[in-house]
There are 2 protein chains.
Amino acid sequence: MHYQLDTLEHDNLGSTVYQLLCNDLLQGRLQPGARLKIRELAEQLGTSVTPVRDAILRLVQEQALAMQSPRDIRVPYMTVERYLEIRAIRIRLEGLAAETAATKAQPADIARLEDIVARNAVAMTAQDIAQGCALNQQFHFALVDIAGLPFLHGILYRIWLQMGPLIAAVYQQGGSAMLDYHYPVMAAMRQGDGAAAALAIGDDILSGGQAILLHLQARQSAG
Amino acid sequence: MHYQLDTLEHDNLGSTVYQLLCNDLLQGRLQPGARLKIRELAEQLGTSVTPVRDAILRLVQEQALAMQSPRDIRVPYMTVERYLEIRAIRIRLEGLAAETAATKAQPADIARLEDIVARNAVAMTAQDIAQGCALNQQFHFALVDIAGLPFLHGILYRIWLQMGPLIAAVYQQGGSAMLDYHYPVMAAMRQGDGAAAALAIGDDILSGGQAILLHLQARQSAG
DNA sequence: AATCAAATTATGATGCATCATATTTGCTGC
DNA sequence: GCAGCAAATATGATGCATCATAATTTGATT
């Protein structure tokens, strides 16, 4: 799943390391608070520090990693305030994606979405949280792709990069039914109803993300 | 004007060079098609190649620069397709900013906006295109700041980075009245009418940007 | 045993040497 | 005079040595 490949990806080592770290973030292998060390990573990956530094600097720039002090690179914690801002942005942007996708979707596109939802249902009954998270994400990005908005894809990818560690942390504490809210989206997509699709995605982000907000509020008031 | 400083900016040389190149892009000193060479820049700036490489890699990642072949780093040309996508995104995001700002604006905020608009009017009568562009940009970002949305600021900054060379190129061929559409925004802001502010900003982006679209379509059909 | 300071270590920043390869230049032979 | 190959050059990629400084450890003193 190479989201960034719309820009023709130069296969320099830095980009490879970047993809690696992105996947670690999105799949929750890097948890909030985890520290990264350039030399350590370079040794693990068998490269010099240069490509690792390139990758980490890229992630720091887009705030998927934070450099709290000049020597301390960590996966940042999400704050309630920041989450609410991201949520408002996602509703606008993923609303745009869903609206456009609904008016453009071909039968093959609908089938692809159905497939993702079906596999997500299987994952949920199997209690496979990791797979459920991955398929949830695939659903959201499939809408952007069907809409044919590669630039928006990049923006949303960077946003999801920041939510990755958070989502993983929340769902490991007891997942919730994020899949339910995808069915109304599918209904709107089948009817080619852009406005309804946008509303349904907004409801998914708001209601489906309620568990995340509660988790953040609990952590922030606890300290 | 350091837009990225919401993230506490590490004053490493790479970030300094990055800011420098950003300003060059935003103010049209780097035109579409211009080629950048790491060694050359490093020599001009009196640093080694490392910080320059850091900065350029960051800009390539966010597609403010493009690496067409592995040895060829250039300011990319905007396409009509891409511009239309960016425009749709801007209408959603800057609409969110204007809407939020209108409901939050204090008298001092309104005064700051008035000041920007007034100075922009002066620049327009003085035919000072560069200053007009700069103040236009300041107006848009002031809305985001008043709204208190630092994360959105970062997203929009990256988007504007891609439009910088284009806007400069268009307005050097004969500027247009981008200021007119700011007055309805101000009216909505004064009344605290979020919905009206969002609509007015949308109109600014659509109508005020018409010249840009025409320029792109002319260039693309000409080849 | 506690405290503070000096030494050590860890780690990102920076500069730079070298490599691989794409581009340009120029020479050779037809 | 031109085609084509070879040498030279240009340039980003990579690795690595060194630096500055923050964190940690150590040890001496009280």
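Naming convention: chains lettered A, B, ... in sequence-line order (proteins, then strands); numbering from 1 in each chain.
- Neither OP1 nor OP2 of dG12(D) sits under 4.0 Å from any side-chain N or O of Arg53(B).
- Put simply, CG on Asp54(B) is 12 Å from C1' on dG15(C), counting in whole angstrom units.
- For the side chain to side chain donor-acceptor pair (under 3.5 Å) test, residues two or more places apart in sequence or in another chain that qualify with Asp54(A) are Arg53(B).
- Between the CD atom of Glu43(B) and the C1' atom of dG15(C) there is a distance of 15 Å, rounded to whole Å.
- To the nearest 0.5 Å, atom CD of residue Gln162(B) and atom CZ of residue Arg82(B) are 5.0 Å apart.
- Here Ser48(B) reaches the OP1 or OP2 of dG15(C): one of its side-chain N or O atoms lies under 4.0 Å away.
- Following rounding to the nearest Å, Leu13(A) (CG) and dG12(D) (P) show an atom-to-atom distance of 17 Å.
- Expressed to the nearest 0.5 Å, how far CD1 of Ile212(A) lies from CE of Met78(A) amounts to 8.5 Å.
- The CZ atom of Arg87(A) sits 14.0 Å away from atom CD1 of Ile159(A), with the distance rounded to the nearest 0.5 Å.
- Look at CG on Leu41(B): it is 17 Å from P on dA10(D), rounded to the nearest Å.
- Set against dG15(C), dA13(D), dA23(D), the side chain of Thr47(B) has dG15(C) as its closest nucleotide.
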Produce the list of close N/O pairs, under 3.5 Å, pairing protein atoms with atoms of nucleotides 9-11 of chain C; give distances to one decimal.
from	atom 1	to	atom 2	distance (Å)
dT11(C)	OP1	Lys37(A)	NZ	2.4
dT11(C)	O2	Arg71(A)	NH1	2.4

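- A distance of 10.0 Å separates CZ in Arg35(B) from CZ in Arg71(B), rounded to the nearest 0.5 Å.
- Distance check: Leu26(B) CG to Gln19(B) CD gives 9.5 Å after rounding to the nearest 0.5 Å.
- Put simply, CZ on Arg74(B) is 11 Å from P on dT23(C), counting in whole angstrom units.
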